[in-house]
Amino acid sequence: LYTSKHKVKEKNLEDSLINSWGSKFYQDNMYPFISNFWKFDISNMSKDYKARVTPPRIRYAIQKIFEFKNKRDFKSNTQQSLESKITIKDKPKFRNFYLYPKFGCKRVIDFLKDDIILNDGIIKTNSIITDLNSSNDHIEIQYIQGKNVYTDVFDKIYWAASILDLINLLKLKNYNQLNYRKLLTINIGVDKKDLLGDKVHASYVMIPNILFHRIHEPNKISPYMTPKNKTSACLEITLDKKINNPTDLVKKSLNQFCLFYNLKKSEIHYLGCNYYEEAYPLLFIDYNEDLARFKEALSKKTSKISLIGRTGQYFPYNVVETLNSTL
Ligand SMILES: Cc1cc2nc3c(=O)[nH]c(=O)nc-3n(C[C@H](O)[C@H](O)[C@H](O)COP(=O)(O)OP(=O)(O)OC[C@H]3O[C@@H](n4cnc5c(N)ncnc54)[C@H](O)[C@@H]3O)c2cc1C
């Protein structure tokens, strides 16, 4: 209540979180979560980053308090005057319909693949781009596939990968503050029907010293994701440095996961982990200035490259925003 009346001037992510959550809730809950997620000083982060957990709506919270008291036959003049001011449109709206592939997101790749091939596209996987040369009317790309080196020529390219790679390939000035957080996901089969509770598909961890910041339970979005009466979990851990061997981190995370959900070791099955090099663009406080300078340098160097997507445009878009930005 105090924070809703006394907002601080928002200079950074910390200020914006305090304004929307209140300083006590921020200190106790949001701080451990956000600092574990970003592995960065929150007061040096941009308020452009919007944490994907919705802050409380003060009118709704007050309404709920009165509803609770109402159940105990508590009625006061204040409540009546407040109730008369709160209308149905103040109630928060929940999205309760998701489009999700029956057997998970990996299936989306098959549809995309078929569509690209149907439209005479060519897909080249496991290729590493090693050189880019741009002239007035084309751009030449050199890449390695297996042990062979190839060169292809295009009118124009759309770059959806890391802009750090682009900076290196084009030998641009080093914008060393532009950086991404890496991500390790750990997949676990669980011999239980349910883990997070009814209708909850993801849970954000706000407890200090827990290695993972989010737990995702895929069969809450599609029941076909696990065998009947079993479930699975995906733990997410952001990293500020590359790790060559995740064994220790995986072991500690599995232990914490068992403690967290009161599971016996025999009830869980480690299914493997995935490592993503450039998962989250780091929105440090003046990232926009560095990004603008980089884009200017890029446009001076070539007009043949357009940046697209979450990694290419250096903003933590979700899938819908990514597709919209691409189209
Ligand atoms: C753990 C996690 C959970 C998420 N959950 C959701 C969710 O529930 N809902 C939602 O809407 N969004 C979610 N997102 C966000 C969503 O995944 C992204 O917004 C989307 O994938 C971004 O697409 P993109 O094409 O911009 O980038 P990416 O999907 O990252 O694609 C970039 C591609 O470039 C390739 N690449 C990188 N460097 C090179 C190089 N040098 N040469 C060649 N190729 C290269 C990479 O291998 C990658 O395939 C999640 C993201 C993560 C990491």
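Values below: every heavy atom of this structure, side chains too, minus hydrogens, waters and symmetry copies. Atoms within each ligand, like the ligands themselves, are counted from 1 in listed order. This chain uses plain numbering: 1 for the first residue, then up along the sequence.
In this structure, Y276 falls outside the shell of residues with a heavy atom less than 4.0 angstrom from ligand 1. Contact between R214 and ligand 1 is present, with at least one heavy atom of the residue lying under 4.0 Å from the ligand.
Taking the centre of each ring, F294 and Y314 stay at or above the 6.0 Å mark.
Taking only nitrogen or oxygen atoms, main chain and side chain alike, S127 does not reach within less than 3.5 Å of ligand 1. Inclusion of V319 in the set of residues having an N or O under 3.5 Å from an N or O of ligand 1 is warranted. Between Y317 and ligand 1, a contact under 3.5 Å exists for at least one N or O pair. Residue R310 places at least one N or O, backbone or side chain, under 3.5 Å from an N or O of ligand 1.
Every residue meeting the side chain to side chain donor-acceptor pair (under 3.5 Å) condition with K220, not counting sequence neighbours, appears here in chain and number order: D194, E217.
Remark: ligand 1 atoms within the under-4.0 Å shell around heavy atoms of T311 are 26 (O), 27 (O), 28 (P), 30 (O), 32 (C).
K124 and Y143 share a side-chain donor-acceptor pair at under 3.5 Å. Checking D137 against S135 by side-chain atom types alone, a donor-acceptor pair falls below 3.5 Å. Side-chain contact check for K171 and N168: no donor-acceptor pair (N or O, by modelled atom type) lies under 3.5 Å.
For atom 36 (N) of ligand 1, the nearest protein heavy atom (residue, atom name, distance) is A161 CB, 3.5 Å. Scanning the protein heavy atoms around atom 20 (C) of ligand 1, the nearest turns out to be T322 OG1, 4.1 Å. Summary of contacts: the protein heavy atom closest to atom 53 (C) of ligand 1 is L183 CD2, 3.6 Å.
Looking at E277 against ligand 1, nothing comes within 4.0 Å, counting heavy atoms.
With L17 as reference, Y26 is the one residue of Y49, F33, Y26 to meet the side-chain contact (heavy atoms from CB on, under 4.5 Å) rule.
Other residues sharing a hydrophobic cluster with I128 under the 4.5 Å side-chain heavy-atom criterion for ILVMFWY residues do not exist; the residue is a singleton.
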